[in-house]
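Below is one structure; the comments refer to it alone.
Sequential numbering from 1 along the given sequence is applied to the chain's residues.
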Amino acid sequence: MKNIKGFAFFDLDGTLLNHQSEVDEQVASALVALKNNGIIPVIATGRTNTEIQHVLDDTVIESSITMNGQYVLFEGEEIYSDLISSDIIDKMLQKTAEKGHQLGLYNEKGITISEQTPAVKVAYEYIHQGMPEENAKRHWEEPINMMLIIGKDQDAFYHKHFPKLTFFRNGPYTIDVISKGGSKGRGVAKFVEHIGLTDIPTYGFGDGPNDMDLLAACDYKIAMGNAIPALKEQADFVTKANTDNGIVHALKRFNLI
């Protein structure tokens, strides 16, 4: 680890990925140059591990913070995992059913959904994924790190009934649900704490609500040109959009490549 000069934490959707949820060739090449310069690239996403395998395959990235900070890997080694209790998940299943919504259950092995419906199909097509397998009892079979509410509304209803959970609406169809106080920022803290290199710079790149804590946890805060206004206000630098070589532009701006 003597050659590590810093860490760069990248959100995926709307940040590192293009509109097809893929890594552009220019971005993949920039990540190679970044790593060669001693800055270790790390994924920091709301997605789970099975959803990011194509990114790992297409880049030099080996480490990740997934499910909004609930699960952290360093070079394939698990260093942190925060779980949601089965009792809370049962209550959430009840409340989502009351509202005609569906519930996704996430861990590092993959995703299941409480019920396969047209709304679920639309939600996952929006992020270029197929519909998950149906299993509403998975939380009694194996640990769960994150839930995903499939629903366009009723955010306040869930906040009221689950004050001990944290919610991120990151699109028109879904709400990410994790442990209270959980965030990508906490994932960054766990990552850096494990590595033990607290005196080297960290760079955060993002575009959405769940990136507020990510940027707050990093020394250098970069918002994409397509980011929400609040994130741009928080950022040290606003780069170009993810579809306009925003990542490459920012890396050059900070002399990282």
Identify each donor-acceptor pair in which a side-chain atom of residues 41-53 lies under 3.5 Å from a protein atom, sequence neighbours left out, and give them as a table.
residue, atom, partner, partner atom, Å
T45, OG1, R47, N, 3.0
R47, NE, D13, OD2, 2.9
R47, NH1, Q129, OE1, 3.1
R47, NH2, D13, OD1, 2.7
R47, NH2, S21, OG, 3.4
T48, OG1, N107, O, 2.6
N49, OD1, T66, OG1, 3.0
E51, OE1, T48, N, 2.7
E51, OE2, Q129, NE2, 2.9
Q53, NE2, D57, OD1, 3.0

Original post:
Distance from I222 atom CD1 to L214 atom CG, nearest 0.5 Å?
Top reply: 9.5 Å
**OP:** Output all residues satisfying salt bridge (Lys or Arg N to Asp or Glu O under 4.0 Å) with E134, sequence neighbours left out; order by chain, then residue number.
**Re:** none
Original post:
Mind checking what makes side chain to side chain contact (heavy atoms under 4.5 Å, CB included) contact with D153, not counting sequence neighbours?
Top reply: H101
**OP:** Would you mind reporting whether M147 and L165 have side-chain heavy atoms less than 4.5 Å apart?
**Re:** yes
**OP:** State, with a plain yes or no, whether a side-chain heavy atom of C218 is found less than 4.5 Å away from one of Y203.
**Re:** no
**OP:** Determine the minimum heavy-atom distance between I61 and L56, stating which atoms define it.
**Re:** O-CD2, 3.4 Å
Original post:
Does N145 reach the side chain of E108, with side-chain heavy atoms less than 4.5 Å apart?
Top reply: yes
**OP:** Decide yes or no for D82 and S179: does some side-chain heavy atom of the first lie under 4.5 Å from some side-chain heavy atom of the second?
**Re:** yes
**OP:** Check whether any side-chain heavy atom of L105 lies under 4.5 Å from a side-chain heavy atom of N135, and answer yes or no.
**Re:** no
Original post:
Does any pair with a residue in residues 114-157 pass ring-ring contact (aromatic ring centres under 6.0 Å, His included), and if so which ones, sequence neighbours excluded?
Top reply: Y126-Y173, F157-H161
**OP:** Kindly give the heavy-atom pair with the smallest separation between I257 and N37, and that separation in Å.
**Re:** CA-ND2, 3.6 Å
Subject >> Partner set under side chain to side chain contact (heavy atoms under 4.5 Å, CB included) for E125, not counting sequence neighbours >> reply: K121
**OP:** Please examine the side chains of M146 and N68, heavy atoms only from C-beta on, and report whether any two atoms are closer than 4.5 Å.
**Re:** yes
**OP:** Could you tell me whether a side-chain N or O of Q70 sits under 3.5 Å from a main-chain N or O of G182, the two making a donor and an acceptor?
**Re:** no
**OP:** Report the hydrophobic cluster partners of V238, with the cluster defined as I, L, V, M, F, W, Y residues connected by side-chain heavy atoms closer than 4.5 angstrom, directly or transitively.
**Re:** none
Original post:
Partners of D24 by salt bridge (Lys or Arg N to Asp or Glu O under 4.0 Å), sequence neighbours excluded?
Top reply: none
Original post:
With S29, which residues qualify under side chain to side chain contact (heavy atoms under 4.5 Å, CB included), at least two apart?
Top reply: none
**OP:** Verify the neighbour count for atom CD of E133: are there more than 12 heavy atoms of other residues, nucleotides or ligands below 6.0 Å?
**Re:** no
Subject >> Check: S63 side chain, E75 main-chain N or O, donor-acceptor pair, under 3.5 Å >> reply: yes
**OP:** Determine, for K35 against E62, whether the closest basic-nitrogen to carboxylate-oxygen distance falls under 4.0 angstrom.
**Re:** yes
**OP:** Output yes when R169 and D176 qualify as a salt bridge under the 4.0 Å nitrogen-oxygen rule, no when they do not.
**Re:** no
**OP:** Only counting residues at least two apart or in another chain, list the ones meeting side chain to side chain contact (heavy atoms under 4.5 Å, CB included) with I228.
**Re:** P209, A230, L231
**OP:** Indicate yes or no: at least one non-hydrogen side-chain atom of I175 is less than 4.5 angstrom from one of F168.
**Re:** no
Original post:
Using 4.0 Å as the upper bound for N to carboxylate O, is an ion pair formed by E141 and R138?
Top reply: no
Subject >> Y80/H194 under ring pair (Phe, Tyr, Trp, His ring centres under 6.0 Å): CA gap, chis, key distance, verdict >> reply: CA-CA 9 Å; Y80 179 70; H194 174 83; over 10 Å; no
**OP:** Determine the sole option in L12, T59, N18 for which the side chain to side chain contact (heavy atoms under 4.5 Å, CB included) test with V23 is passed.
**Re:** T59
Subject >> All pairs passing salt bridge (Lys or Arg N to Asp or Glu O under 4.0 Å) where residues 231-246 contributes a residue, at least two apart >> reply: none
**OP:** Measure the shortest side-chain to side-chain distance between R253 and T239 over non-hydrogen atoms and say whether it is less than 4.5 angstrom.
**Re:** no
Subject >> Sequence neighbours excluded, every pair satisfying salt bridge (Lys or Arg N to Asp or Glu O under 4.0 Å) that has a member inside residues 204-215 >> reply: K184-D211
**OP:** Of all the heavy-atom pairs spanning A216 and K221, show the shortest one and how long it is.
**Re:** O-NZ, 3.6 Å
Original post:
Would you say the side-chain atoms of T202 and D219 include a donor-acceptor pair closer than 3.5 Å?
Top reply: yes
Subject >> Pairs satisfying ring-ring contact (aromatic ring centres under 6.0 Å, His included), at least one member in residues 7-36, at least two apart >> reply: F7-F191, F9-F191, F10-F205
